[in-house]
2 protein chains.
Amino acid sequence: MFTPAPPSLDAIFAALADPTRRAILTMLLEDDMAVTDVAEPFDISLAAISKHLAILAEARLISQEKRGRVKWCKLEPDAMRAATIWIQGFGQFDPLDFDAFERFLAAELPEEG
Amino acid sequence: MFTPAPPSLDAIFAALADPTRRAILTMLLEDDMAVTDVAEPFDISLAAISKHLAILAEARLISQEKRGRVKWCKLEPDAMRAATIWIQGFGQFDPLDFDAFERFLAAELPEEG
DNA sequence: AAGATCGTCAACCGAAAGGTTGAATATGCC
DNA sequence: GGCATATTCAACCTTTCGGTTGACGATCTT
């Protein structure tokens, strides 16, 4: 198809809900990567990684371009921006207990590396 | 438990991945609501809504307080903020094709009301 | 006390998620 | 051509998800 359907918030948030996929996105922040290289640090099969990448691509969080036998994966920030925009539709949150928030982040973020 | 576990990004994004739950959050933006009133506009059973609310509460996107026989649901923006913070860890996205982005929003947002 | 209302629980269901393995399909290299 | 590499496909399995229904425990009302 020439004009593919826009990614849904369903697809975007669902894609982001999996820790493996979030880790993949973080890896792609560094550089574009081939599927095999994406798979390398994980303990799951290459086929499973391939599926994860398909889900990320479906949500348009990444794009995939095949050059030769290698399929390159590239971060596509637009979909993530769409997610934040939706969330920010919830308005200016009240200015808030930043200490508690920092503690929350300190506890949460190491989980992802 | 006195200090419940912090919500995981897994739970937050998974909670946001469902359109019914996003609609509920949007409703709660207006005002705190009782479970029955949350359920009213939807075509699914009260039990199903109750489960959705439990998932939102587990992710700490809402809190629930029982007063009398009524359980009040209240938006809790911290978890959403955590989600945006994670996403924004992806850095300053390149300034971008706003036309395309506007078109994307026009196509996507009506779905949620 | 009786009856209505609010909400959850428990058991069940079909579909989707996330994983596996083995075969298949391209492509690159000698 | 023949072999190795890169990736996906197909079939399968188990667990989770989103829904249903009916019974139940609380709580208000009369």
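Throughout, protein chains are lettered first and strands after them, A, B, ... in sequence-line order, and every chain is numbered starting at 1.
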Do you know the tightest heavy-atom contact between A:Val38 and A:Met27? O-CE, 3.5 Å
Over how many whole Å does the gap from A:Asp32 atom CG to D:dA6 atom C1' extend? 17 Å
Nearest 0.5 angstrom please: B:Glu76 CD to B:Leu25 CG, how far? 11.5 Å
Rounded to the nearest angstrom, tell me the gap between atom CZ in B:Phe13 and atom P in D:dC17. 17 Å
Given A:Gln64 and A:Leu56, is the side-chain contact (heavy atoms from CB on, under 4.5 Å) satisfied, shown in steps? CA-CA 10 Å; A:Gln64 293 183 290; A:Leu56 290 170; over 6 Å; no
Quick check: does any side chain N or O of A:Arg21 sit under 3.5 Å from a backbone N or O of A:Ala14, one acting as donor and the other as acceptor? yes
Would you indicate what B:Leu46 reaches in the nucleic acid, counting non-hydrogen atoms under 4.0 angstrom: base, sugar-phosphate, or nothing? base
Can you tell me how far P of D:dC17 sits from CD1 of B:Ile49, to the nearest Å? 17 Å
The test is side-chain contact (heavy atoms from CB on, under 4.5 Å); show your working for A:Leu61 and A:Asp78 and say whether it passes. CA-CA 7 Å; A:Leu61 288 157; A:Asp78 291 29; over 6 Å; no
Check whether any side-chain nitrogen or oxygen of A:Lys71 sits under 4.0 Å from OP1 or OP2 of D:dT8, and answer yes or no. yes
Starting from P on D:dT21, measure out to CG on B:Asp43 and report it in whole angstrom. 12 Å
Check for me, please, whether A:Leu46 and A:Phe42 land in the same ILVMFWY cluster - side-chain distances under 4.5 Å, paths through other members count. yes
Taking for A:Lys66 and for B:Gln64 the nucleotide of DNA chain C with the nearest heavy atom, the one nearer the 5' end belongs to B:Gln64
Using a cut-off of strictly less than 4.0 Å, decide whether A:Ser50 has a side-chain nitrogen or oxygen near OP1 or OP2 of D:dT7. no
Considering only D:dT20, D:dT7, D:dG18, which nucleotide approaches the side chain of B:Ile55 most closely? D:dG18
Look at the side chain of B:His52 and decide which nucleotide, out of D:dT8, D:dT21, D:dG19, has an atom nearest to it. D:dG19
Describe the nucleic acid contact of A:Ser45 in one word from base, sugar-phosphate, nothing, applying a heavy-atom distance below 4.0 Å. base
For a quick check of understanding: with a heavy-atom distance under 4.0 Å over all strands, which category does A:Ala34 fall into, base, sugar-phosphate or nothing? sugar-phosphate
Drop me the distance from B:Trp72's CH2 to B:Ile62's CD1, to the nearest 0.5 angstrom. 13.5 Å
Below 3.5 Å between N/O atoms, which protein atoms pair up with nucleotides 2-5 of chain D? Just atom names and distances, please.
from  : atom 1 : to      : atom 2 : distance (Å)
D:dT5 : O4'    : A:Arg69 : NH1    : 3.2
D:dT5 : O2     : A:Arg69 : NH1    : 2.9

Nearest atoms (heavy-atom pairs only) where A:Ile49 meets A:Val35: CG2-O, 4.4 Å
Roughly, in whole Å, what's the span from CD in A:Glu65 to C1' in D:dA6? 16 Å
In this structure, would A:Ile44 and A:Ile55 fall into the same cluster of hydrophobic residues linked by side-chain contacts under 4.5 Å? no
Atom OG in B:Ser8, atom CZ in B:Arg60: separation rounded to 0.5 Å? 10.5 Å
Along DNA chain C, 5' to 3', what are the outermost nucleotides having an atom less than 4.0 Å from a heavy atom of chain B? C:dA4 to C:dA11
Check every strand shown and say whether B:Arg21 touches a base, only sugar-phosphate, or nothing at a heavy-atom separation below 4.0 Å. sugar-phosphate
Grab the CD1-C1' distance between A:Ile62 and D:dT7 for me, whole Å please. 13 Å
Tell me the interatomic distance from A:Ile44, atom CD1, to D:dC13, atom P, rounded to whole angstroms. 21 Å
Starting at CE of A:Met33 and ending at C1' of D:dT7, how long is that distance when rounded to a whole Å? 15 Å
